[in-house]
Amino acid sequence: MATTQLEDPQNDVETTSEMPTTADDSASKVGFDEMGLSESMLATLKSIGYETPSPVQGGVIPIALAGNDVLGQARTGTGKTAAFAIPILETMEDRGKGAAPQAIVLVPTRELAVQVTDEFQRLAGERKFRCVAVYGGKPIKAQISKLERGADVVIGTPGRVLDHIGRHTIDLRTLRVVVLDEADRMLDIGFRPDIEKILRQCPAKRQTLLLSATVAPPVKRLAERYMHEPVMLDFSPKNKSVDTIEQHFFTVDGDRKYDLLNRLLEREQPSQTIVFCRTKRGCDKIHERLSRKRKGIGCIHGDLPQGARDKVMKAFRAEEITLLVATDVVGRGIDVSSISHIINYDIPQSSDDYVHRVGRTGRMGRDGVAYTFVTREEGDELTRIEILINKVLIEDKIDGFEAARPTQKRAAAAVKFYGAGTQASDNEEAVEAPVEAAPAPEAPKPAPFGRRGRSKHRRGL
DNA sequence: AAAAAAG
């Protein structure tokens, strides 16, 4: 039976707060039945297969239930959604028909709005509860009429939420809880002004829950400004990427990627896959070519009409689509437990994005595999990823697609430039790699792993 | 330069 230990169950919880909290490394050992949850909630959790709280849930639920603001550093997934949804549902007041929302959840993408809404509905079980997803790209009228009928919780992307506020179709004055999900991502996208406008519409006396993969200075500033003595919980693992995910890479020339993809799919016969691509155009191209000879291919990116996007996600969840070609729209947070393979057709732009993409697989404790296509110019990016996850990706080969560049050099360069302390403890490759094998300075062609940091520094600023 | 998101 499935458990709720979706995110790094072995990972310890670190609390960093001046106030004493209940969240320590024993938090995950506390059962749902020891959290003071209602009988109906416990019954619902049981019926949907939630047996043991994940560390995130173990940490967040009791603290949120006690009414505290929470600043949680945690990656995406059902574990996190339930962590804020359960306390919201448990403290729900019966305000009668057509009442204004009691909670609002802000998320960075429309797909996440849909996913979080579905999760709320699932966790609400039999109880009387209404939640409405509010996001752009779709006719606003349907959303308005739903809101008029009354919504206990509104889940949305900031732009459309603001639109509703302007039309007075959402009233935030009697709100109890605000959730900022994927806060770092929302700030990245440039939602800061929108988020602040929305927060200013909320009552001062409220509970604010902020979840973020990283707590960089911009996130901290937001928290300082809009949160009240937040309890800080850090669920970020020492080991950035989940151990149940096998991570490989191929070196390949750009113009041979498509052939390699086909060969890899033939070899792997994956049950469900996301192929991540850097550009929307690239997605379209790969999607079109793959669809010519295969069935169950889907495509999603920000240029597609929202109706099509929603449909594709639904079909993907229903496993009618088994291979999804996507941009980073779905790089974060999307939770489809049957995804067995992640293929980075293009290496992600930032190593954080890599961690998020790869985290789409290996969910619900299942195994997952990730493959990253690396061209000979992209050595730096690969190294940066390896430094971040503190692991050396295993090189894979398929006949006819030989490496453009030897692995030894790559690992050696990593050791040389980042120091021996960064090598993967569970991977002997990096340890054994001779430092002398680093790219020779007199090499005529640009050494991919060579002097990356320096040239950047020189040019930078 | 690309991606996301309000229309």
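Below, each value reflects all heavy atoms present in this structure, side chains not excepted, and no hydrogens, waters or symmetry copies. Reminder, nothing fancy here: chain letters follow the sequence lines and each chain counts from 1.
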Between side-chain atoms of residues 215-225 of chain A and protein atoms elsewhere (two or more places apart, or another chain), which donor-acceptor pairs fall under 3.5 Å?
none

Does A:Thr279 have a side-chain nitrogen or oxygen under 4.0 Å from the phosphate oxygens OP1 or OP2 of B:dA1? no
Can you check the A:Lys280 NZ to B:dA3 P distance for me, whole Å? 5 Å
A:Lys257 vs A:Asp346, test: salt bridge (charged side-chain N to carboxylate O under 4.0 Å, His left out). Steps then yes/no. CA-CA 9 Å; A:Lys257 279 185 179 179; A:Asp346 295 316; 2.8 Å; yes
So, A:Arg289 side chain and A:Tyr258 main chain: donor-acceptor pair closer than 3.5 Å or not? no
Partners of A:Val336 by side-chain contact (heavy atoms from CB on, under 4.5 Å), sequence neighbours excluded? A:Gln272, A:Phe316, A:Arg317, A:Ile334, A:Ser338, A:Ile339
Write down the distance between CD1 (A:Ile300) and P (B:dA4), rounded to a whole number of angstrom. 9 Å
Does the B:dA1 base have a donor-acceptor partner in the side chain of A:Gln349 within less than 3.5 Å? yes
Whole angstrom is fine here: how far is it from NZ in A:Lys285 over to P in B:dA2? 13 Å
Between P of B:dA5 and NE2 of A:His164, the distance in whole Å: 15 Å
I'd like to know if A:Glu119 and A:Arg122 make a salt bridge, using a cut-off of under 4.0 Å between side-chain N and carboxylate O. yes
Ignoring backbone atoms, establish whether A:Thr109 has a side-chain N or O less than 4.0 Å from OP1 or OP2 of B:dA5. no
Rounded distance (Å) that lies between atom C1' of B:dA1 and atom CZ of A:Arg281: 13 Å
Would you mind reading off the distance between A:Lys138 atom NZ and B:dA5 atom P, rounded to a whole angstrom? 13 Å
Separation of B:dA4 atom P from A:Ile334 atom CD1, nearest Å, is 12 Å
With the side chain of A:Arg110 defined as its heavy atoms from C-beta on, choose the nearest nucleotide among B:dA2, B:dA6, B:dA4. B:dA6
With a 4.0 Å cut-off on heavy atoms, is A:Gly190 in touch with a base, just the backbone sugar-phosphate, or nothing at all? nothing
For A:Arg309, report the nucleic acid contact type (base, sugar-phosphate, nothing); a contact means any heavy atom under 4.0 Å. sugar-phosphate
Nearest listed nucleotide, side chain of A:Tyr135, among B:dA6, B:dA2, B:dA4: B:dA6
Could you tell me the separation between the CZ atom of A:Arg185 and the C1' atom of B:dA2, rounded to a whole number of Å? 11 Å
